[in-house]
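In what follows, a structure is listed as structure tokens, so that the remarks can point back to it.
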Protein chains: 2
Amino acid sequence: MNKLNDDVLHISQDCGNCPIRHRAVCARCESDELEQLEEIKYYRSFEAGQTVIWSGDRMDFVGSVVSGIASLTQTMEDGRTQMVGLLLPSDFVGRPGRMAAAYDVVATTDMVMCCFRKKPFELMMEQTPHIAQRLLEMTLDELDAAREWMLVLGRKTAREKIASLLSIIARRDATLKLDGMQGPLVFDLPLTREAMADYLGLTLETVSRQMSALKRDGVIELQGKRHVTIPDFSRLLNEAGDDADGGIMA
Amino acid sequence: MNKLNDDVLHISQDCGNCPIRHRAVCARCESDELEQLEEIKYYRSFEAGQTVIWSGDRMDFVGSVVSGIASLTQTMEDGRTQMVGLLLPSDFVGRPGRMAAAYDVVATTDMVMCCFRKKPFELMMEQTPHIAQRLLEMTLDELDAAREWMLVLGRKTAREKIASLLSIIARRDATLKLDGMQGPLVFDLPLTREAMADYLGLTLETVSRQMSALKRDGVIELQGKRHVTIPDFSRLLNEAGDDADGGIMA
DNA sequence: GTTCGCGCTTGATCTGGGTCAAGGATAGCC
DNA sequence: GGCTATCCTTGACCCAGATCAAGCGCGAAC
């Protein structure tokens, strides 16, 4: 592995299934690939509901989500669970330097991950500064998201919590689809009511009731249980208790 | 600034007031200093209650807490506030790459910070990979702490929340004092009841009631309002709903 | 088609923690 | 000493959301 250098990240260009993520790690790479990387890289796919890693497990890889959605959850002995993160395509999983997983990672939908064996990845990180810099940036983003979520969990009402979750999903969905935020937003909820409840620190009954209430009040429209239309996004933001820009500024 | 290299971190050794932090940034440094650093480094002190930075402010420095305690808080328009982080000596403030502060930073006690002008610090980071690596590690720790806190906020009862907060402060205090965890733990609460409430997503009345209840039940002892004795730490952990080891494993 | 299972909805009731309100303790200051 | 301000405690009451319970809708298996 000692030939690794900045070039290793060029692998991003020929990784057909996970372009977003690797480009995110090193946006400046534009060409080439190195074969060495192949030996530490591999794919794993998971079905919805499958557990990727159990909290406390030895973790011998890091990786990123290629497609689908996973969630990070913490569970108390008596079964109370709290989702502490939502992993979307391009999000990073695992922690360089740590042996054991700190959370359960569960595939919320069918999902594909691109994994790197941990030791070689750590070596690579030492030799290619940009990786640490890029990971730092991503981690800071996650930290901001986690802190924003602390406000949601600690101080918002059930209705505001639901509106906050919907606005986050809607916004992320809209930016992924590149059609921006203009016009009504339409998307499919990637979460069951129970998963929403676990994310929001509520019960699934309360989630269901508040979804019905938001529908009744015209804040959202529902086709079936999962397909959501947001006719007026600023109205939703308002219900979420966020100020107009609705997020952390760059 | 273009002479900066790995050596810049040697400054840690002669920064009498903030050794912990700079040693934390670069534990391997053992000698020397560079004068260049002085030109981007300065100290600021704050009184208890003083605001260090307002959310949204332009932030032209990063830095670390030398002594005292600061808190990161988010506030909604209607005044609901949530503390999203507690900054203890050695903790890092600010985000390289971001222009505006995302949270209010408030001095909870009298506090001294060691600041670096942001631009030069960013340059330094580009040229000295270890800084990014060390910052990544610290940020990952903070992320873990934030996520642990999400479980507290989302799923724990008021009594468990109080016990969780006390156990965190007690543990951190014990490790700082180097006398370890054996015997009864004694410390002073660095937070008012209101600040505790803001951290825990409760009201100050509920905090007060639960403190009284824990005292009545012999889980804690109080001398005055702030001085706390924990006769049996595992009992406290139990009240917090944590499993025995009570934290994230390394 | 029927049955099963799962995800979801809705209703009825209960309760933990919020809200409102009235003091108590302590420290600083004149 | 008394006065004031700040922080804290405690009580009475209330309500948002939890809990318990019943049932709906719909896709999959047979």
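Throughout, a chain's letter reflects where its sequence line sits, starting with A, and its residues are numbered from 1.
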To the nearest angstrom, the CG-P distance between L191(A) and dG7(C) comes to 13 Å

With side-chain contact (heavy atoms from CB on, under 4.5 Å) as the criterion, how do T81(A) and Q74(A) come out once you've worked through the C-alpha distance, each side chain's angles and the decisive distance to 0.1 Å? CA-CA 6 Å; T81(A) 78; Q74(A) 277 188 307; over 6 Å; no

Separation of dC8(D) atom P from D188(B) atom CG, nearest Å, is 12 Å

More than 12 heavy atoms of other residues, nucleotides or ligands under 6.0 Å from CD of E47(A): yes or no? no

note: L189(A), atom CG; dC8(C), atom P; distance rounded to Å ~ 9 Å

E194(A) atom CD is separated from dT19(D) atom P, nearest whole Å, by 13 Å

Answer with yes or no whether the side chains of T206(A) and T203(A) bring together a donor and an acceptor at under 3.5 Å. yes

message = Using only atom types and a distance under 3.5 Å, with no angle test, would you say the side chain of D173(A) pairs donor to acceptor with the backbone of F187(A)?
response = no

The contact string for nucleotides 9-18 of chain C, one letter per nucleotide 5' to 3', using protein heavy atoms under 4.0 Å with B, S and - for base, sugar-phosphate only and none, comes out as BBBB----SS

Between CZ of R226(B) and C1' of dT6(D) the distance, given in whole Å, is 11 Å

The complete set of salt bridge (charged side-chain N to carboxylate O under 4.0 Å, His left out) pairs with one or both residues in residues 208-224 of chain A, sequence neighbours excluded, reads R159(A)-D217(A)

Interatomic distance, CZ@F61(B) vs NZ@K118(B), rounded to 0.5 Å, equals 11.0 Å

One would report the end-axis bend of the helix from dG1(C)-dC30(D) to dC30(C)-dG1(D), five pairs per end and rounded to 10 degrees, as 30°

Rounded to whole Å, the CD1-P distance (I162(B) to dT9(D)) equals 10 Å

- request: For the residue pair S55(A) and D57(A), confirm or rule out a side-chain donor-acceptor distance under 3.5 Å.
  value: no

Looking only at heavy atoms, the pair that brings S90(A) and M138(A) closest together is O-CE, 3.7 Å

